2 protein chains.
Amino acid sequence: MSEATRSPRLDLRGAARDAVRDQVAESALRLFDEHGFDATTVDDVARAVGISPRSFFRYFTSKEDAVVGDPMPYGRLVTDDLAARPADEQPWDSLRAALQRLVDDAENDRGMLTMRVVMSSPSLRARHLEKHLAWGQMFEPEVLKRIGGLAATRRLRAHALIHAAFACLDAAFGEWVALERARTLSELLDDAFQALR
Amino acid sequence: MSEATRSPRLDLRGAARDAVRDQVAESALRLFDEHGFDATTVDDVARAVGISPRSFFRYFTSKEDAVVGDPMPYGRLVTDDLAARPADEQPWDSLRAALQRLVDDAENDRGMLTMRVVMSSPSLRARHLEKHLAWGQMFEPEVLKRIGGLAATRRLRAHALIHAAFACLDAAFGEWVALERARTLSELLDDAFQALR
DNA sequence: GCCGCTTGTGGCAGTGGCTGCCACAACAGG
DNA sequence: CCTGTTGTGGCAGCCACTGCCACAAGCGGC
């Protein structure tokens with residue numbers, strides 16, 4: 001049967017799968033926060049949620065994946081927001097606006113917990129940073145549209161702008177966690193972006 | 001015997017050890033470049049240089065470490081350069097100047113090979129990015145000295161500046177490798193820093 | 001109701017990175 | 001020649017992760 005003619009039931013299945021995934025991820029997050037990421041094995045997580053270790057790796061591509069998640073869905077959202085910005089806007093402003101999507105979604109207890117766990121382990125931080133690489137590639141075409149100047153250096157400048165934006169994002173996240181939400185993520189991100197004008 | 005009274009011979013030993021380390025790293029780099037990082041096992045590298053796999057991990061803390069190296073030595077050099085910049089210089093200019101140390105050291109065949117291998121594997125890219133985190137912590141005190149404005153946001157802005165500088169560095173490296181050295185790293189880095197003024 | 005198909009799951013064995021431990025070899029100083 | 005220190009190899013074991021296979025669950029057609 002072809003992809004197009006499949007019954008909508010498959011969406012239900014997908015939804016069920018996503019629900020399980022979320023639940024496993026949340027249990028994992030709690031365990032990692034409580035006992036440490038390295039000290040908690042995949043077997044521990046699997047046992048806690050009542051699935052086999054083998055099945056854990058059917059839901060997540062890696063142990064880290066249960067915390068940092070797939071970069072693509074958010075990447076698409078933010079890229080769409082970026083594409084929807086006015087064509088004559090300064091790229092730096094477009095980037096700030098587009099990242100608001102991530103800010104809105106992270107500014108809650110779950111986001112705080114996730115960031116705290118991410119920052120607690122080098123391998124998680126590394127995966128987190130890798131997400132920026134994936135997003136950066138998705139953003140590039142949109143940012144290039146808004147960049148003028150010498151053609152020979154456009155790609156370089158787009159790259160620098162994009163990853164500087166991520167640097168601001170991480171600085172804001174870091175401060176947000178360190179201050180324990182004394183200020184809003186949105187404000188902190190504004191400050192960080194402002195510092196690089 | 002106490003640390004202080006040890007004979008200088010130990011430096012010789014350290015030097016010998018460093019020499020072996022370099023040689024193993026170079027062989028590893030060649031193998032990784034030729035057959036791929038993931039497809040090359042530590043056993044392969046060990047066999048190629050005539051040491052046991054167990055000994056490989058006495059020279060390097062991880063397989064990736066043979067490529068990306070210890071962040072501390074370079075971190076110290078650059079931090080020292082940063083500290084030596086004039087106190088009234090703009091932090092962005094100080095950072096650009098301090099990174100020249102890395103540029104000078106990378107701008108050769110070995111550096112090109114290393115960057116190519118690093119960019120070829122996600123796990124290597126991740127470790128490479130982790131190095132920035134370590135360096136960032138070392139730079140922070142020096143950058144803070146050069147940052148004014150509201151005290152409440154100084155750390156945030158310092159963090160954003162520092163990691164934006166690394167974003168520029170990586171953008172320059174990426175372009176340098178992509179262009180196959182058609183332009184110098186130093187020029188590319190200038191362009192990237194310029195794009196963020 | 002039965003059958004057959006697809007899809008999700010568990011178990012098992014195996015690979016590869018990495019570590020602790022122990023025995024042994026190399027080499028220095030006495 | 002002996003002795004303490006240091007580097008090395010081998011072995012066993014942990015853990016993340018994968019391929020394979022057998023099996024169970026749900027769904028469609030009949």
Side-chain angles (χ1 to χ4, degrees), chain A residues 1-25 28 31-32 35-68 70 121-124 126-127 130, chain B residues 1-25 28 31-32 35-68 70 121-124 126-127 130:
Chain A
M1 200 184 268
S2 80
E3 180 92 14
T5 57
R6 267 194 201 141
S7 69
R9 181 170 323 262
L10 283 188
D11 286 327
L12 285 182
R13 264 196 242 209
R17 182 187 162 80
D18 287 353
V20 174
R21 223 187 103 99
D22 277 4
Q23 215 174 318
V24 177
L31 287 174
F32 293 156
H35 306 114
F37 181 75
D38 290 332
T40 310
T41 68
V42 169
D43 287 35
D44 292 336
V45 176
R47 207 174 312 116
V49 295
I51 62 173
S52 72
R54 186 66 188 83
S55 284
F56 178 93
F57 288 107
R58 289 213 178 81
Y59 286 107
F60 304 100
T61 61
S62 70
K63 187 182 170 188
E64 288 86 359
D65 186 31
V67 179
V68 301
D70 183 2
S121 150
S123 73
L124 277 173
R127 295 279 181 142
E130 272 189 82
Chain B
M1 198 186 269
S2 81
E3 181 90 14
T5 57
R6 268 191 199 144
S7 69
R9 179 171 326 259
L10 283 188
D11 286 326
L12 285 183
R13 265 196 237 200
R17 181 186 161 81
D18 287 353
V20 175
R21 224 186 102 98
D22 278 2
Q23 214 174 318
V24 177
L31 288 174
F32 293 156
H35 305 114
F37 181 74
D38 290 332
T40 310
T41 68
V42 169
D43 286 36
D44 292 336
V45 176
R47 206 173 312 116
V49 296
I51 62 174
S52 71
R54 186 66 188 84
S55 284
F56 177 93
F57 288 107
R58 290 214 177 79
Y59 286 106
F60 304 101
T61 62
S62 70
K63 187 183 171 187
E64 288 87 358
D65 186 31
V67 179
V68 301
D70 183 1
S121 150
S123 73
L124 277 173
R127 297 278 182 144
E130 272 189 83

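A, B, ... follow the sequence lines: proteins, then strands. Residue 1 opens every chain. Note that this is a predicted model, so its numbers are computed, not measured.
Of all heavy-atom pairs between Ser52(B) and Ala46(B), the closest is C-CB, 3.8 Å. Nearest heavy atom pair, residue Asp70(B) against residue Arg21(B), reads N-NH2, 4.3 Å.
Here the side chains of Phe32(A) and Lys63(A) are in contact, with some heavy-atom distance below 4.5 Å. Proximity of Phe56(B) to Val49(B): side-chain heavy atoms (C-beta onward) are nowhere separated by under 4.5 Å. Phe60(B) places a side-chain heavy atom less than 4.5 Å from the side chain of Val24(B).
Taking side-chain N and O atoms only, Ser55(A) has no distance below 4.0 Å to OP1 or OP2 of dT9(C). The phosphate of dT9(C) has OP1 or OP2 within less than 4.0 Å of a side-chain N or O from Tyr59(A).
A salt bridge links Arg47(B) and Asp44(B); the closest N-O separation between the charged side-chain nitrogens and carboxylate oxygens is under 4.0 Å.
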At under 4.0 Å between heavy atoms, which parts of nucleotides 15-24 of chain C does protein reach? Answer with one letter per nucleotide, 5' to 3': B base, S sugar-phosphate only, - none. -SSBBBB---

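Atom CZ of Arg17(B) is separated from atom P of dT8(D) by 8 Å (rounded to the nearest Å). What separates CD1 of Ile51(A) from C1' of dT7(C) is a distance of 16 Å, to the nearest Å.
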